[in-house]
Amino acid sequence: MAAGAAKSFLADAGYGEQELDANSALMELDKGLRSGKLGEQCEAVVRFPRLFQKYPFPILINSAFLKLADVFRVGNNFLRLCVLKVTQQSEKHLEKILNVDEFVKRVFSVIHSNDPVARAITLRMLGSMASIIPERKNAHHSIRQSLDSHDNVEVEAAIFAAANFSAQSKDFAGGICNKISEMIQGLATPVDLKLKLIPILQHMHHDASLASSSRQLLQQLVTSYPSTKMVIVTLHTFTLLAASSLVDIPKQIQLLLQYLKNDPRKAVKRLAIQDLKFLANKTPHTWSRENMQTLCECALQTPYDSLKLGMLSVLSTLSGTIAIKQYFSSASGTSTTGRTSDLVKLAQECCYHNNCGIAAHGVSILTNISASCQEKDLLALEQDAVFGLESLLVLCSQDGSPGAQATLKITLTCMVKLVKCRPHLSQSVVESLLTQLHCAQDVARILMCHCLAAIAVQLPVLADGMLGDLMDLYKMIGRSATDKKQELLVSLATVIFVASQKALSLEVKTVIKQQLENASNGWTAYRIARQASRMGNHDMARELYQSLLTQVASEHFYFWLNSLKEFSHAEQCLTGLQEADYSSALSCIAESLKSYHKGIASLTAASTPLNPLSFQCGFVKLRIDLLQAFSQLICTCNSLKTSPPPAIATTIAMTSGNDLQRCGRISNQMKLSMEEFRNLATRYGDLYQSSFDADSATLRNVELQQQSCLLISHAIEALILDPESASFQEYTSSGAAHVESEYERRMMSVFNHVLEEVESLNRKYAPVSYLHTACLCSAVIALLKVPLSFQRYFFQKLQSTSIKLALSPSPRNPAEPIAVQNNQQLALKVEGVVQHGTKPGLFRKIQSVCLNVSSTLQSKSGQDYKIPIDNMTNEMEQRVEPHNDYFSTQFLLNFAILGTHNITVESSVIDSNGIVWKTGPKTTIFVKSLEDPYSQQYSVLEQDPCMCEERR
């Protein structure tokens with residue numbers, strides 16, 4: 001059954017081409033392993049990692065590793081080396097080996113070989129397997145024995161294995177520590193071997209006493225062996241041990257600073273700086289003000305630029321963390337502390353250094369101080385930071401070397417950060433960027449355009465007056481078709497779209513289209529159209545998508561571009577909305593819906609099994625339903641004029657006790673409309689929860705659509721349905737501090753305006769009046785007038801995460817049910833593999849997987865009597881943490897009721913912040929509950945005493 005389950009899953013795991021299933025692929029490789037030719041055997045061995053990647057379930061991996069262990073046992077040393085490399089490449093699959101004892105037994109048999117090279121390869125093999133056999137005493141004994149070998153290859157392999165086992169096993173680390181200490185301190189041990197033995201001590205962190213003894217040994221070594229190589233290796237091991245044991249990090253920082261300050265050797269100083277940078281990244285909270293002060297003094301005193309650059313790099317890292325607040329809060333309480341401190345003095349000195357790297361770290365420190373210490377008055381520091389950034393911008397933008405471009409990236413990042421925390425500096429920063437754009441290199445122009453767009457998205461600083469400069473630059477790009485020119489066309493067009501807060505003028509569109517015709521390819525035009533869709537310039541986007549329709553070779557691409565064209569046209573229809581013209585609003589929405597329906601048909605045609613476009617389809621369908629709900633709400637508001645309350649409405653309201661009945665049929669229509677908007681908000685929430693791989697801007701966009709639905713439903717309730725109990729506290733805006741885009745800024749402005757209007761009308765007039773309906777219609781038009789932004793995830797998936805499930809037992813045919821006796825329980829094993837794209841964990845990471853198993857009775861066999869609901873269903877949930885992207889758990893299910901049951905296993909993931917994402921998948925199997933034959937026979941005998949007597 002388990003084999004069938006794995007096979008049914010594994011057959012689906014291909015990438016689209018004709019591939020063998022798991023068993024056939026394994027048999028092909030096994031055929032190669034049994035070949036008499038060494039080349040074919042080696043080829044078969046090295047193809048195993050690809051097999052593991054494609055079919056990552058234990059049933060295949062166990063069989064494959066046992067076959068590799070056989071090859072390791074009987075093959076020559078070259079084959080053993082190939083098996084070792086495969087094992088090291090497939091380390092995350094080792095825990096899926098089911099027969100660990102048998103696997104280790106076959107590998108371990110080679111340790112008794114007379115060939116020291118064979119023993120060395122075996123030791124490295126055991127070290128690579130340490131994660132699954134950490135407490136194997138025979139492996140521990142062999143490693144200890146091999147450390148005394150006279151063969152250097154075997155000793156080095158034993159050191160490798162000892163390091164790996166020390167990292168995994170507390171017992172082995174405690175036992176080997178004295179042995180390592182004796183060998184390091186022994187006079188007979190060569191120096192090069194001591195240098196290889198010392199790094200093992202970094203793994204002696206399993207308890208405090210072991211870490212303390214290892215630290216004392218390292219302290220003795222660094223004193224007793226003052227040679228450069230020994231000091232470097234010992235200090236680095238010291239740092240890694242402290243970082244793992246955590247308690248000794250402050251001491252280690254002091255030790256490294258002592259060597260940085262007092263040791264005259266540049267190699268030792270460089271190592272100290274490297275380790276200080278490591279500790280600054282890992283534990284910035286452990287740095288005291290005295291530590292940072294010492295580092296500043298060293299940087300001020302050193303005459304070497306390379307060392308100063310390293311020290312500033314450490315200080316730049318620390319200045320972006322909590323350490324900078326501790327530095328200033330621990331200082332003396334004078335008001336000029338920020339001005340006179342050594343850190344500020346150092347940064348100001350370095351801002352105009354002739355080494356661009358040093359200058360970049362100097363302005364980075366000033367920027368981080370300005371960003372972190374906003375409660376202080378740092379006007380002079382801000383000016384120093386701006387002047388330093390501008391000078392670096394002028395210097396690096398005209399230099400196309402890789403070093404200058406790396407410095408320019410740091411500079412531009414600091415500009416964005418400074419403008420975000422100090423908005424009053426934005427105008428001068430933007431002006432300097434625009435001025436420098438004209439004389440910069442193309443590579444630098446691209447980076448500067450990205451910076452301009454990032455600043456302008458956060459703050460509306462690109463005025464229409466600056467548009468002329470941008471357009472002049474766009475015309476100057478030239479007709480070259482190089483990659484950098486193409487990238488520059490896209491970057492500059494993005495800045496133009498951001499600068500044009502309203503619709504693009506005809507002149508701007510003409511210039512962009514002329515440049516695209518002269519100097520661009522189809523891909524560049526598509527990227528610019530995509531940016532136009534993201535920035536809400538739908539008229540420009542529609543024209544570009546239209547021009548690209550005939551330039552694609554695949555019908556799926558054609559339908560994709562056609563759908564984008566229709567969506568852009570649909571959104572363009574909504575730009576003609578007028579404030580108080582409700583009849584034209586209905587016609588605009590109807591025209592928009594017409595294009596949207598055409599677009600969703602094309603979008604469905606563009607989807608493929610490998611790329612189902614599920615988010616895009618879900619987002620567009622919700623947009624269609626939202627537009628229909630808006631249209632229905634406007635019609636409902638108009639019905640107050642076309643179908644006013646009847647004359648007896650007041651009498652009906654008094655008789656029924658429902659005061660809203662005096663408003664006539666509009667009250668019921670408003671109630672239905674409110675429920676529709678709440679339902680849409682729920683569906684937007686479901687779309688949000690299913691978009692685990694989406695970037696934060698896309699998720700915020702979905703959230704804004706959900707909030708607009710909730711806003712309208714709240715407005716209906718507050719104005720018409722229940723004015724007395726309406727509360728506005730939970731709907732108040734949290735301010736513009738967290739606004740990340742122009743679209744969000746405009747939506748939040750509309751939300752606040754609508755809430756103010758609703759609150760001003762609330763309880764002033766009895767519902768329903770024309771003022772109420774006008775307020776609702778105005779809210780709808782205000783929301784629709786904000787051009788919709790199609791964010792990155794609609795076009796591009798930067799992170800890809802999927803889960804594959806395999807259930808055991810599983811039928812050979814999915815339609816067949818699994819037979820289970822009703823007096824027994826079914827043990828359902830659920831295995832799963834988390835599969836990632838090229839950038840795993842880019843936006844969020846999986847912390848655990850939530851598995852929900854439910855069963856329902858499909859059809860009942862036997863007597864038709866009343867069954868308790870508890871016996872008809874199973875509802876269970878478990879959370880498992882994937883290890884090396886694999887997880888496994890079991891459920892015990894009860895099927896006491898005879899009949900066919902439907903079991904559904906659904907998975908969802910929980911990220912590192914504890915948020916649940918409904919990613920799926922959902923798997924279904926059928927179980928048929930049968931009566932136990934023995935109990936059935938016994939019940940028949942009880943019913944027929946004659947038959948019972950006869951059997952006696």
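Numbering starts at 1 and runs along the sequence shown. All heavy atoms count here, side chains included; hydrogens, waters and symmetry mates do not. Computed from a predicted model, the values in this text were never measured in an experiment.
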Give the intermediate values and the outcome of side-chain contact (heavy atoms from CB on, under 4.5 Å) for residues Cys350 and Leu346. CA-CA 6 Å; Cys350 293; Leu346 173 66; 3.8 Å; yes
Evaluate the side-chain contact (heavy atoms from CB on, under 4.5 Å) criterion for residues Leu318 and Tyr327: first the C-alpha distance (whole Å), next the side-chain angles of each, then the deciding distance (0.1 Å), finally the verdict. CA-CA 10 Å; Leu318 288 170; Tyr327 179 81; over 6 Å; no
Pair Cys351, Phe387 - check side-chain contact (heavy atoms from CB on, under 4.5 Å), show working. CA-CA 9 Å; Cys351 274; Phe387 293 153; over 6 Å; no
Quick one, Glu156 with Arg124, criterion side-chain contact (heavy atoms from CB on, under 4.5 Å). Give me CA distance, side-chain angles, the key distance, then yes/no. CA-CA 9 Å; Glu156 287 182 14; Arg124 288 186 178 274; 4.2 Å; yes
Please report the C-alpha distance between Glu154 and Ser146 in whole Å, then the side-chain angles of each, then the deciding distance to 0.1 Å, and finally whether the side chain to side chain donor-acceptor pair (under 3.5 Å) criterion is met. CA-CA 7 Å; Glu154 186 175 357; Ser146 296; 3.2 Å; yes
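At most 12 non-hydrogen atoms from other residues, nucleotides or ligands lie less than 6.0 angstrom from CD of Glu91. Other residues, nucleotides and ligands contribute more than 12 heavy atoms inside 6.0 Å of the NZ atom of Lys417. More than 12 heavy atoms of other residues, nucleotides or ligands lie within 6.0 Å of NZ in Lys179, so this atom counts as buried by the packing criterion.
In this structure, a donor-acceptor pair under 3.5 Å is present between the side chains of Asp693 and Thr801. A donor atom on one side chain and an acceptor atom on the other are found under 3.5 Å apart for Asp885 and His836. No side-chain N or O of Gln847 forms a donor-acceptor pair with one of Asp911 less than 3.5 Å apart. In this structure, a donor-acceptor pair under 3.5 Å is absent between the side chains of Lys261 and Thr294. In summary, the side chains of Asn178 and Ser181 do not present any donor paired with an acceptor at a separation below 3.5 Å, with no hydrogens or angles considered. Looking at Thr698 and Asp695, their side chains do bring a donor and an acceptor atom within 3.5 Å of each other. The closest side-chain donor-acceptor pair between Gln88 and Ser128 falls under 3.5 angstrom.
Under the 4.5 Å side-chain criterion, counting only non-hydrogen atoms from C-beta, Lys229 is not in contact with Asp192. The shortest side-chain heavy-atom distance between Ser372 and Ser319 does not fall under the 4.5 Å cut-off. You'll find the side chain of Met204 reaches within 4.5 Å of the side chain of Leu201, heavy atoms only. No side-chain heavy atom of Leu395 sits under 4.5 Å from any side-chain heavy atom of Asp399.
The residues Asp263 and Lys269 are annotated as not salt-bridged, no charged nitrogen and carboxylate oxygen being separated by less than 4.0 angstrom. Remark: Asp305 does not engage Lys308 in a salt bridge, criterion side-chain N to carboxylate O under 4.0 Å. A salt bridge links Arg527 to Glu487: at least one charged side-chain nitrogen sits closer than 4.0 Å to a carboxylate oxygen.
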Can you give each donor-acceptor pair under 3.5 Å made by side-chain atoms of residues 434-441, sequence neighbours left out, with the distance rounded to 0.1 Å?
from: Thr435; atom 1: OG1; to: Glu431; atom 2: O; distance (Å): 2.7
from: Gln436; atom 1: NE2; to: Ser397; atom 2: OG; distance (Å): 3.2

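Of the options Gln202, Gln252, Gln274, a side chain to side chain contact (heavy atoms under 4.5 Å, CB included) to Thr239 is made by Gln252 and by none of the others. Checking each of Leu218, Leu221, Leu195, Thr189 against Ile184 for a side chain to side chain contact (heavy atoms under 4.5 Å, CB included) leaves exactly one that passes, namely Leu221.
With hydrogens and angles disregarded, a donor-acceptor distance shorter than 3.5 Å links the side chain of Thr411 to the backbone of Thr407. At least one donor-acceptor pair under 3.5 Å links the side chain of Thr413 to the backbone N or O of Lys409. Remark: side-chain polar atoms of Ser244 are not paired, donor with acceptor, to backbone N or O of Leu241 under 3.5 angstrom.
A cation-pi arrangement is present between Lys266 and Tyr304 under the rule of less than 6.0 angstrom and at most 45 degrees off the ring axis.
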